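The structure appears right after this line, and notes come after that.
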Amino acid sequence: MAQNIEKEAPKGFDVVNPSIAKGQLKYINYKSKTVGTTRKALVYTPPGYTKSKKYPVLYLLHGIGGDENEWLNGGTPQVILDNLYAQGKIEPMIVVMPNGRAMKDDSNKGNIMAPDKVQAFATFERDLLDDLIPYIEKNYPALTDRENRAIAGLSMGGGQSLNFGLGNLDTFAYVGGFSSAPNTKQPQELLPNPEEAIKKLKVLWISCGDKDGLITNSKRTHDYLFQNNVPHIYYIEPGVHDFKVWKNGLYMFSQFLFKPVDPSTFGKYTVLGTKPETNMRNAEYPQVLPDNRVVFKLKAADAQKVQIDLGKKYDMVKDADGFWNVTTDVVNPGFNYYSLIIDGVSIADPASETFYGMSRMASGIEIPHKDGSIYALNNIPHGDIRIKKYFSRGTNSWREMYIYTPPGYDTSTEKYPVLYLLHGGGEDQRGWATQGKTNLILDNLIAEGKALPMVIAMIDGNVGGGGMSEFGENSLKAFENELKRGAIPFIESNYRVKTDAQNRALAGLSMGGLQTLYAGIKNTDVFAYLGVFSSGWWANNTELSAPQYEFMKANVSTINNNLKEFWISMGGEEDIAHDNCEIMMKKFDEMGIHYKYSEYPGGHAWPVWRHDIFMFSQLLFK
């Protein structure tokens, strides 16, 4: 198998070993109908090369300032490949290093950024497919099926390799881009049919130095492949845009070629991870590896014991420089709370953004999620999050609310429907805006025409005191009072909103789901839409739940007639509220209460609730 290899080239990998057999380098000239001239390429044949045997072929492309000699002069590929071959780490292969600037004057002299020279790199696709490959396969003992052809390149050649390789999956089964340049097509154009790539590609390799200014080209491609479940290796190493990175890329990529591979291990092949969006500016760690393990590294020279608490505690190991290090198991995708524990004291990590959760400020880390496109920051019209203080007649105190207004609100005279959105226990009005990314989810849905423009009032459900430990009828009544006498009057007095029940919705997660069940069900003349996420009346607290069921039983007709949508969702069986919700829905069924149920795996966590608001908001006010 290809994966019995180290994750980085060892010292001396590019140094000539006088005691091993050597491959040969030879310049060839081929007629190019595409360009209308004779063109040159450099060909490497492996040690022991013989015309009586057929070989797979790797086409290895240079950068914008290079030509057929760039790899030879800067990367010594023949030395790297000879050494690997002697160690039995690669298959014997022919390597073709062409001039990727397909024009009559294909030199790298003068202005290499001239439009005609840049265009020539795109023209090379036809020269490669129609002229160079046929020449190689006619004049060398080359295997001619797609599974025995590979293409890879550095910088501009990396972009060519991705463009040409992924654009011609009937020609290439192995594709590699090293520090790919901006000529790399946008992902949707690069791979419009991910399913075809999944079926046909053997190895797709994308690598770059972590300090390379062009890394965004590789990252956007990786993100698209990740979202579309296309197996690939995303390899990040310390470095910039130079041959140190590209030689290591060739060393690593060549060991995956023309042999069986196990895509399930691809995520383990990298030196560094990617900094999550939740890192503080310039913080190098934590880093997320391609398989969603996380690397933590921090300086605490005088500490005796350091742990990371991600729900599971990980002991960190101190190195000689006083840095504590650990790599976690695979972490659940989406938003995760975490803490540092230093000598028994739980604190927020200064390297990450903090979020109010677990009834305190805690660190958060955003792990890539395959459904992350629903909250991606896209180039579309965006609404606003407004933070407002208001004096509530419900609590006779000043309170704070986060309010989403849709794109175009300030320039419109239109009145909008309102969703009142509630957080869970241990969180507050900030949760849906920060952890929940509600604004981005709605922006995307509105732009796609899937949700109607609406105002969303994210209110503080912490009323009545005592927290979840004293949660009961009194705190629910206090919330209902705050909702009706504080939050709703403030919104309807200060924002252009519609004020009838058909244009009001109430929804919440966990504790907020219970508040929705209480205040929503009792006020179906105020709200025509209710959403209950990861919640349900507590089966072991009949003192609280029994009166709610009695009220519903006595008002089944009113509830069913008034509610246009009663939407209940759970995070699968692993959701801590799952059993209570199941029991509650059975009671609803017995009473004849109409509702819809949705389930999305992920437990009692923000990735589930992001999906809930994504789904629920599409049902509203239609």
Side-chain angles (χ1 to χ4, degrees), residues 371-386 388 401-423 429 431-433 436-459 483 487-509 512-513 516 519-520 523-533 559-569 594-598 600 608-622:
D371 286 344
S373 60
I374 68 173
Y375 48 81
L377 181 59
N378 293 315
N379 186 19
I380 56 173
H382 288 281
D384 293 325
I385 292 286
R386 307 173 189 220
K388 294 293 184 181
M401 183 186 304
Y402 277 51
I403 302 158
Y404 168 80
T405 53
Y409 176 87
D410 287 328
T411 57
S412 171
T413 58
E414 178 184 353
K415 288 189 174 183
Y416 296 89
V418 187
L419 165 61
Y420 294 87
L421 191 56
L422 313 177
H423 58 82
Q429 68 279 6
W432 275 108
K437 295 183 179 284
T438 298
N439 56 319
L440 296 178
I441 293 170
L442 265 293
D443 288 343
N444 290 330
L445 286 173
I446 291 169
E448 295 168 8
K450 294 179 178 179
L452 294 178
M454 66 186 78
V455 170
I456 301 180
M458 293 163 267
I459 65 180
L483 179 66
I488 292 176
F490 174 76
I491 288 293
E492 295 185 350
S493 298
N494 291 275
Y495 290 86
R496 291 192 322 278
V497 297
K498 298 176 181 178
T499 58
D500 60 300
Q502 299 301 307
N503 286 286
R504 289 197 205 99
L506 179 66
L509 69 91
T516 298
N523 294 278
T524 57
D525 58 332
V526 178
F527 303 101
Y529 301 84
L530 300 180
V532 177
F533 313 153
I559 294 168
N560 287 339
N561 288 335
N562 285 355
L563 290 181
K564 293 188 69 175
E565 291 286 350
F566 186 14
W567 196 79
I568 301 171
S569 66
H594 300 162
Y595 65 91
K596 293 178 182 176
Y597 179 69
S598 177
Y600 181 80
V608 171
W609 304 325
R610 289 173 178 176
H611 187 264
D612 287 340
I613 194 62
F614 170 78
M615 296 295 293
F616 182 62
S617 61
Q618 296 181 64
L619 305 175
L620 300 180
F621 315 124
K622 296 180 179 179

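In this text the structure is predicted, and so the values were computed from the model without any measurement.
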Which value, rounded to the nearest 0.5 Å, describes the distance between [X] atom [atom1] and [Y] atom [atom2]?
| X | Y | atom1 | atom2 | value |
| --- | --- | --- | --- | --- |
| Trp432 | Met458 | CH2 | CE | 10.0 Å |
| Asp410 | Thr405 | CG | OG1 | 6.0 Å |
| Arg386 | Tyr404 | CZ | OH | 11.0 Å |
| Lys498 | Lys415 | NZ | NZ | 9.5 Å |
| Leu563 | Asn560 | CG | CG | 7.5 Å |
| Ser598 | Asp612 | OG | CG | 6.5 Å |

Is there side-chain contact between [X] and [Y], with heavy atoms separated by less than 4.5 Å?
| X | Y | result |
| --- | --- | --- |
| Ile374 | Leu445 | no |
| Val532 | Phe566 | yes |
| Ile403 | Asn494 | no |
| Phe490 | Ile459 | no |
| Val455 | Pro406 | yes |
| Leu452 | Lys622 | yes |
| Leu620 | Pro417 | no |
| Asn444 | Ile380 | yes |

Closest non-hydrogen atom pair between [X] and [Y], with its separation:
| X | Y | answer |
| --- | --- | --- |
| Tyr416 | Gly408 | OH-O, 4.1 Å |
| Leu483 | Pro489 | O-CD, 4.0 Å |
| Pro407 | Ile446 | CD-CD1, 4.2 Å |
| Arg504 | Glu492 | NE-OE2, 2.8 Å |
| Gly531 | Phe616 | N-CZ, 3.5 Å |

| message | For Trp567 and Met615: C-alpha separation, side-chain torsions, deciding distance, then whether side-chain contact (heavy atoms from CB on, under 4.5 Å) applies. | response | CA-CA 10 Å; Trp567 196 79; Met615 296 295 293; 3.7 Å; yes
| So among Asp371, Leu442, Ile441, Thr438, which one has a side chain to side chain contact (heavy atoms under 4.5 Å, CB included) with Phe614? |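 For Phe614, the side chain to side chain contact (heavy atoms under 4.5 Å, CB included) check succeeds only for Ile441.
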| message | Evaluate Asn503 against Val497 for side-chain contact (heavy atoms from CB on, under 4.5 Å), listing each step before the verdict. | response | CA-CA 9 Å; Asn503 286 286; Val497 297; over 6 Å; no
| field | Residue pair Tyr420, Val526: steps toward the side-chain contact (heavy atoms from CB on, under 4.5 Å) verdict | value | CA-CA 12 Å; Tyr420 294 87; Val526 178; over 6 Å; no
| query | Salt-bridged, Glu565 to Lys596, with N to O below 4.0 Å? | reply |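 Salt bridge: yes.
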| said: For Tyr402 and Asn439, which I'm curious about, is there any donor-acceptor pair between the side chains at under 3.5 Å? | reply: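 No, Asn439 and Tyr402 have no side-chain donor paired with an acceptor closer than 3.5 Å.
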| query | Using the benzene-type ring in the case of Trp, are the ring centres of Tyr529 and Phe621 under 6.0 Å apart? | reply |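 Judged by ring-centre distance (under 6.0 Å), Tyr529 and Phe621 do meet the cut-off.
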| task | Please lay out, stage by stage, how Leu440 and His382 fare under the test side-chain contact (heavy atoms from CB on, under 4.5 Å). | result | CA-CA 8 Å; Leu440 296 178; His382 288 281; 4.2 Å; yes
| field | Geometric cation-pi criterion Arg496 and Tyr409, 6.0 Å radius, 45° cone | value | yes
